[in-house]
Amino acid sequence: MGFLDERYLLDSETAHDIYERIADLPIVDPHSHLDVREVVENEGWDDVWAVEGATDHYVWAAMRKRGVPEERITGDASNREKWTALAEVFPDLAGNPTYEWVHLDLKRRFGIETPISAETADDIWEETARQLDADEKRPQELLREMNVEVVCSTDDPTSSLDLHDRAAREVEGVDVLPTWRADRAVHVGHRDWGDFVRELADATGVETGDFEGFLDALAASHDHFAAHGCRASDLSVREPVSRPVERSRAADIYAAERRGETLSDEQVREFEAFVLEYIGELNVETDWVTQLHIGPVRDYRDDLFERLGSAAGGTVTTGEVEIAEGLRHFLNAFDGDLDIVLYVVDPTHYPTVTTIARAFPNVSVGPAWWFNDSPVGMERQLEYVGSVDLLANHAGMVSDSRKLLSFDSRFEMFRRTLANVLGTQVEQGRMPTDVAHDLAEHVAYDRPKELFGFE
């Protein structure tokens, strides 16, 4: 087997045949960090660092581990200097999925099969720059080339969605849809929660001076997103909290925060629980999917956060998260009424969310996320979900990517891993070949499209 050849991640002829059936299916991506402005303006990029390193904290973290100074990662060095620094350490990234994603990007989008290294850095820089100058390497053209049918961005409830209006008018052949990302609405104890409340009032025209106004403004934002084709909400929490909370109690907590009082941990949890349930109620009305991303300990490295802010590569994970009891009230409150997708960042939580999905038919396990979206992590998760719950009810793949060029590479890695898992089971006599073919197509395309209600 050669590097990234046709048998990449495929251990048998059976797995190869299964992959061939799903390799060219359209990409349906319910969760990404797509830069919608980049797509609608469609100006493209000047160099390989801009498309491979400028927005990718996976790349940044790997470079830091190999001793590259921050100036040549996120600092003032030129893009060429940053690319050269990445290329010099790139052989050391072998075994990490970033090594494969970037090479897949170069192979699939530029036809470059030369491994990245200090010796090849200049040639790759010059060849990619030459190709990036062509119209067919602009964002909209690349989305169509990668066969992206639907891609959902991640958007704050205060967003005007003007860029999505432009995308609906100007981007042909690809549906670019928003996702209502409710983190700032829920996290009452966060440093910028007061700013969010003021921005929400400005965005919706609904006064948020009292709690009822706050809820009305959230509902107005929710309606605005629904009118723009939104099919899902999203919420990232370290530990989910759900419990019955009286509306009057949540109103008192809201008023205390607005007066500048320091809330207790219990008050924060009660408020979060109430707003989570309120979001569930809004989602029932619009038939949206509720996505919950559980477990990340964000901004863990203080120095990194202070210098660069969030999403800079300083997040870690912990197994010390209570999920079963934390979600119990919410799941029972919406049993059968709300499609819910659970993503966990720590693989030790798969048994919990998978058995929850087994108990609640309206709950699905999301794809292996963040630190787990490697061939190793995806294979283990698919095998476990398939053996405890049903693989047919897996939520499918999402790119979770901040760079457009990697959408195709991430989906290819998932589809090859899925084909290999199913191919192994066929080889073991655990299912017929035709059943494996149908299941692969279902998980790779039909299931997420049906689950999220994409037309």
Check this for me, if you would: do Arg80 and Glu126 make a salt bridge, where the nitrogen-to-carboxylate-oxygen distance has to be below 4.0 angstrom? yes

Do Leu391 and Leu422 touch side chain to side chain, with heavy atoms closer than 4.5 Å? yes

Got Val344 and Ile323 here, is their nearest side-chain heavy-atom distance under 4.5 Å? yes

Which of His164, His222, His228 passes ring-ring contact (aromatic ring centres under 6.0 Å, His included) with Trp180? Answer is His222

Which atom pair, heavy atoms only, marks the closest approach of Pro157 to Ser221? O-OG, 2.7 Å

Quick one: do Arg144 and Glu141 make a salt bridge, cutoff under 4.0 Å? yes

So, for Thr128 and Leu106, which heavy atoms are closest and what is the spacing to 0.1 Å? CG2-CD2, 4.1 Å

Arg380/Glu383 salt bridge by N-O under 4.0 Å criterion: no

Any salt bridge between Lys449 and Asp446, counting N to O under 4.0 Å? no

Contact check, side chains of Val388 and Tyr350, non-hydrogen atoms, under 4.5 Å: no

Salt bridge check: are Arg181 and Asp234 linked by an N-O gap of less than 4.0 Å? yes

Below 4.0 angstrom, N of the basic side chain to O of the carboxylate: do Arg109 and Asp408 qualify? yes

Nearest-0.5 Å distance, CH2 of residue Trp369 to CG of residue Leu342: 11.5 Å

Phe371 and Tyr58, any side-chain heavy atoms less than 4.5 Å apart: no

Between the side chains of Arg415 and Glu412, is the shortest nitrogen-to-carboxylate-oxygen separation below 4.0 Å, so that they form an ion pair? no

So OG1 of Thr318 and NE2 of His349: to nearest 0.5 Å the spacing works out to 7.0 Å

Does any non-hydrogen side-chain atom of Trp49 lie less than 4.5 Å from one of Ser78? no

Flag the pair Gln291 / Thr179 as yes when at least one side-chain heavy-atom distance between them is below 4.5 Å, and no otherwise. yes

Point-to-point distance, once rounded to the nearest 0.5 Å, from CZ of Arg402 to NE2 of His57: 4.5 Å

